[in-house]
Structures are given as C-alpha cells and as structure tokens.
Amino acid sequence: MGTSESKRVLTSSATAIAETIRSGELSSRRAVEIHIEQIQRVNPTINAVVRERFDDALAEADQADEDLKTKNPSELPAFHGVPCTIKECFGLTGMPQSSGAVKRKGVIAYEDATAVKRLREAGAIPMGVTNTSELCLWMESNNYVYGRTNNAYDPKRTVGGSSGGEGAIISAGASPFGLGSDIGGSIRMPAFFNGVFGHKPTGGLVPGTGQHPCAENEALRFLTTGPLCRRAEDLMPLLRVMAGPDGVDTGCFEMPLGDPDEVDLNGLRYLNLRGFKRYPVHSSLKRRQELMVDLFKRRGCKVIDIDIPEFSQAFEVWSAMMGEASDTPFVELMGDGDPVNAAAELGKWLVGQSEHTAMASLLGLAEKLVDLLPGYRTKLIELGHTLKARVTEMLDDDGIMFLPSYTSPAPKHNVPFWNQLRLRSDYAYTAILNVIEVPVTQVPLGMDRLKLPLGIQVAAGHGQDHMTIAVAKMLEHEFGGWQPPKLSGL
C-alpha cells in the first residue's frame, strides 16, 4: 500500500471506490486519507478547497468502516464511504456559506442543503468546501473572502466559475466528485476549463434548496444543481441520488430518469452546431469538434449540421429572462439584504477600497441599464420563449445537439473580465441552454498543444439526461476523458 495504491484511488471513479470499500479491499478511512493528502499537495497552488473538515471526514470514514462490519454490503448506499467536495454556496452543516461575499464572511450553515443531504445519505463524505465567484454570478472563481482559484494545468489560467473550485480540485485528482450549481454555465465552464465531466440537469430535476443565493420564480428551473466528476460513469448514479422534489423548491418536479446503458447511440439524431456567428470559436476547438463528428459518422450515425442565427443574441436573451424572473435585485444580494450603490462600489474598486469585485459591481450596473429598456427586454424574452420552443422541437426525444463550450480553452486570469468590458460575453454558449432548460453534459475531448483541456457540450431534449450521459460515456472511451495535469503527480 503506497504510491501505486494512491494513484489507483486518485484516478478511480467514485463508483469504483465505493465497490472497493464494500468488498473490503479498501477502507473508507484510507480512501479519505489518500484524497486529503492530495488536497494538501495541490491546494497551496490552486486554492480550490477554501475550508476543510478533515477531522470530521476521517471520523465519518471510521463510522463507515464500522458499519461495513455489521451490515450486508448490498444494503449500503451507493457511495458508502466515498470522499467528495461541496461548492461553498451550498449549506454544509458547520461549514462557511459566504458565497464569496465579504458581507457574509462568518456565516455558517446550520443545516445541509437538499442535494448535500441526499449525497450524505447516499454515503458520501465531504472533505471540505470549494471556492466560487462572488455570489456565484461570474465565470471566474475569485472573491475577496478566499482569493482566486488557479487552473491545475496552468495556474496562470482561470478555472471558470462559479463552480471553479470544484472543477479545479477534481481535475487535480483530489476529489472523485463534487457538487456544483449552474445558472449560466457554472458547472459546464469549470468542467470544460479543468478537463472533467459536468452535468447540468434538465430544469426542475434537482432541487436547489439550501444554496445561496438561490433563484426565484421561473428562474428556479434555470438554476440547476448537478455533479462534476472525473469519470463519466458517476454522472447518472449521482444524478439519481440528487433528483426529485423536496417540497421546498417550487421549480422542482418528479421526472423519470432513463438508463444511459440502454441508449442506442446509433439510433439517435445528432445536430451539430459549430458556433454562434458573433462569438467565433478557437481553431483547436473547431478541429476537435470536427474529429468528434467524423467519429459519429464512421459509426454510421446520422449527423446534421445546423445553424440557429438567433443564438447570436444568446447572452442578451439569457440576461433578459433572468432579470424578468428575479424579484431580488443583484445589488441587494451584494449588500446581503441592503442594496449597495454599484457605481460607487466600482469607483471604490478603482482605488482599492471596495469589498466587492469589479465584475460584481458591473453586474449591478448592468441590471439598472436593462431596466431602462423595457421594450427591448420584452422582445428578448419573447425571442427566448421562441428559441426554447424551437430547440425543444428540434431535439424531440431522440435528438442530441453538439455545441462549443466556450470560444477557447481556459483563458488567462482576467481575460474574460476585459472581454466583458468589450461586450464579448463568450459564456453565451452555456448560458442560453439554462433558459431553454435542456439537460447538458460537458465532456472532455483530450488536450491542445499547450496541454489545456478541450471539450464539447452535449445537449438533449427535456428529461433526456440519460442520453447526454450515454454519449459522454462513449466519448470518454474514444477520447480518453479526464487527463490528470502534471501538477497532480498522477
């Protein structure tokens, strides 16, 4: 038991780890110890885990091992004794829940969020909480409570947001899976930039209860809770654990889940969307998408190139529909109940005196600008409903849509911020799918010449989560899936 054991555990799926624990080949304590050691190895560089609970995790692992002595292994839950991590915006009893907001520094969760509770009931053992963007509404995980999270493939590059801490720590081999949330790409961008798997469920499938901030009204279905993991085989078991109404989240409803292993991949229709005209895609991503499409064609699958010109307004549509659904202004969230002056905060930021990130203040300003154009917003909302109906019809119950995850592999820190100032909202590729409410799996597709992850979004019709996951499992087999960064030592 040593280096070879550690490497095997740190590259295994959560499902495989659970099997070795149930068989007695590996103790839960050892599984947790190995992952804690890896967190301690990589976290000083990437700053992904922002508060640990190692002692509690080890105690819970010891209890899991004791339970194995007295219970039939077949009676144990799916992830019995398996370590994991949780995005800091979710309630995890006794752990901080600031969501990167200085005014919430010191807030401690007094109960588990619904998804966290269900994961723990399934046997998972949280080792700590991971970093987010300020109030989870920007694509870089950086805030004035915990600082910036760095990419394990190149620490000068972003991990994405807002589930960036999850993407980074899983990528570095230090957690088999984690819990994330996604209202504009916050699971998929971190999964993409960090070369792991992420799944944004169908809107309304998994309750978001117990996270901060939480969505309101129709946006309860735009905000999705889902898994990030290093192996595709974990996606559906994790989704099954978390899915279903909790009686609190009014946007959540009962929905049957299919089996990825029963999907006839050759019987599906594949719709290939190469990009949005307004947001050109890097050549490395184009080439990899073409290579993937050629693979499906060689398998005898029907692949149809499509274009949806209205997707060039994807960011504006998403923003308008989000604003329409929300009763609580973002500036009020910034002040944790007391509205702040976003313009004043931006001015204070310029001289290093604000407790808010520049992007948070800009989002607060943008919110007011949209309110000045009610007619334009109404047109965008109408377009959003039209697009939702059209895409739903296109996908039906047998369609898969491929589309880029972003315009490039992981950019360097702050590049997305400066792009936003130039009105380049490259995360339009992910955001538009939240308001259409379809399931989407982010799938790694190998590496570029700089050893940065490449990938693709795989979408399907409402309730067809098992189909996107089935495609993800096939692509993992063909392209190798997650490839550990050099930093991980794996």
Side-chain angles (χ1 to χ4, degrees), residues 182 187-188 197-206 221-222 224 226-227 232-233 235-240 243-244 253-276 288-311 314 384-405 429-430 432-445 455-479:
D182 188 318
I187 287 173
R188 289 160 291 152
F197 293 88
H199 184 72
K200 182 201 90 64
T202 297
L205 179 60
V206 179
R221 295 195 309 277
F222 304 162
T224 57
E233 72 169 335
L235 291 170
M236 184 52 79
L238 288 167
L239 193 59
R240 290 191 190 283
F253 48 91
E254 197 69 51
M255 188 186 309
L257 284 169
D259 184 348
D261 294 334
E262 294 181 359
V263 174
D264 175 13
L265 293 174
N266 280 34
L268 302 179
R269 294 177 299 110
Y270 295 91
L271 311 177
N272 185 43
L273 180 58
R274 298 177 186 275
F276 307 166
R288 195 53 53 99
Q289 186 169 346
E290 289 170 3
L291 186 65
M292 181 201 66
V293 166
D294 287 344
L295 168 68
F296 278 91
K297 288 179 177 177
R298 289 197 305 274
R299 288 171 60 97
C301 299
K302 184 177 183 180
V303 183
I304 306 164
D305 285 330
I306 63 167
D307 183 31
I308 304 176
E310 295 86 349
F311 270 3
H385 290 304
T386 299
L387 282 170
K388 180 180 177 181
R390 186 189 307 173
V391 171
T392 299
E393 183 179 4
M394 288 172 65
L395 290 169
D396 201 8
D397 61 1
D398 66 342
I400 291 288
M401 181 167 64
F402 299 127
L403 70 164
S405 312
Y429 280 103
T430 53
I432 190 62
L433 299 179
N434 287 81
V435 294
I436 294 177
E437 301 178 31
V438 292
V440 194
T441 304
Q442 174 59 45
V443 183
L445 293 178
I456 195 76
Q457 288 189 89
V458 180
H462 295 98
Q464 307 297 332
D465 297 66
H466 65 297
M467 285 172 32
T468 68
I469 291 171
V471 173
K473 292 174 73 173
M474 186 274 280
L475 290 174
E476 179 182 36
H477 180 265
E478 295 292 339
F479 286 88

What I'd like to find out is whether the side chain of Gln457 reaches to under 4.5 Å of the side chain of Pro404, using heavy atoms alone.
no

Kindly compute the distance separating CG (Leu271) from CD1 (Ile306), expressed to the nearest 0.5 Å.
4.5 Å

Sub-4.5 Å side-chain heavy-atom contact between Tyr270 and Val471:
yes

Output every pair passing salt bridge (charged side-chain N to carboxylate O under 4.0 Å, His left out) with a member in residues 458-472, not counting sequence neighbours, ordered by first then second residue.
none

Go through the structure and list residues passing side chain to side chain donor-acceptor pair (under 3.5 Å) with Glu310, not counting sequence neighbours.
Arg390

Measuring only between side-chain heavy atoms, which start at C-beta, is Leu257 closer than 4.5 Å to His466?
no

Partner residues of Asp305 under the side chain to side chain donor-acceptor pair (under 3.5 Å) criterion, sequence neighbours left out:
Asn272, Arg274

What pairs with Asp182 under salt bridge (Lys or Arg N to Asp or Glu O under 4.0 Å), at least two apart in sequence or on another chain?
Arg188

Partner residues of Asp397 under the side chain to side chain contact (heavy atoms under 4.5 Å, CB included) criterion, sequence neighbours left out:
Gln464

Listed by chain and number, what are the ring pair (Phe, Tyr, Trp, His ring centres under 6.0 Å) partners of Phe222, not counting sequence neighbours?
none

Residue set satisfying side chain to side chain contact (heavy atoms under 4.5 Å, CB included) with Ile469, at least two apart, ordered chain then number -> His199, Leu235, Met236, Leu239, Pro260, Thr441, Lys473

Partners of Met255 by side chain to side chain contact (heavy atoms under 4.5 Å, CB included), sequence neighbours excluded?
Thr202, Leu205, Phe253

Would you mind writing out the side-chain donor-acceptor pairs for residues 292-302 within the sub-3.5 Å range, not counting sequence neighbours?
none

Tell me every residue that passes salt bridge (Lys or Arg N to Asp or Glu O under 4.0 Å) with Glu437, counting only those two or more places apart in sequence or in another chain.
Arg221, Lys388

Tell me every residue that passes side chain to side chain donor-acceptor pair (under 3.5 Å) with Asp398, counting only those two or more places apart in sequence or in another chain.
Arg269

Are any non-hydrogen side-chain atoms of Leu433 and Leu403 less than 4.5 angstrom apart?
yes

Got a sec, which residues hit side chain to side chain contact (heavy atoms under 4.5 Å, CB included) with Arg288, two or more places apart in sequence or on another chain?
Leu291, Leu445, Leu454, Phe479

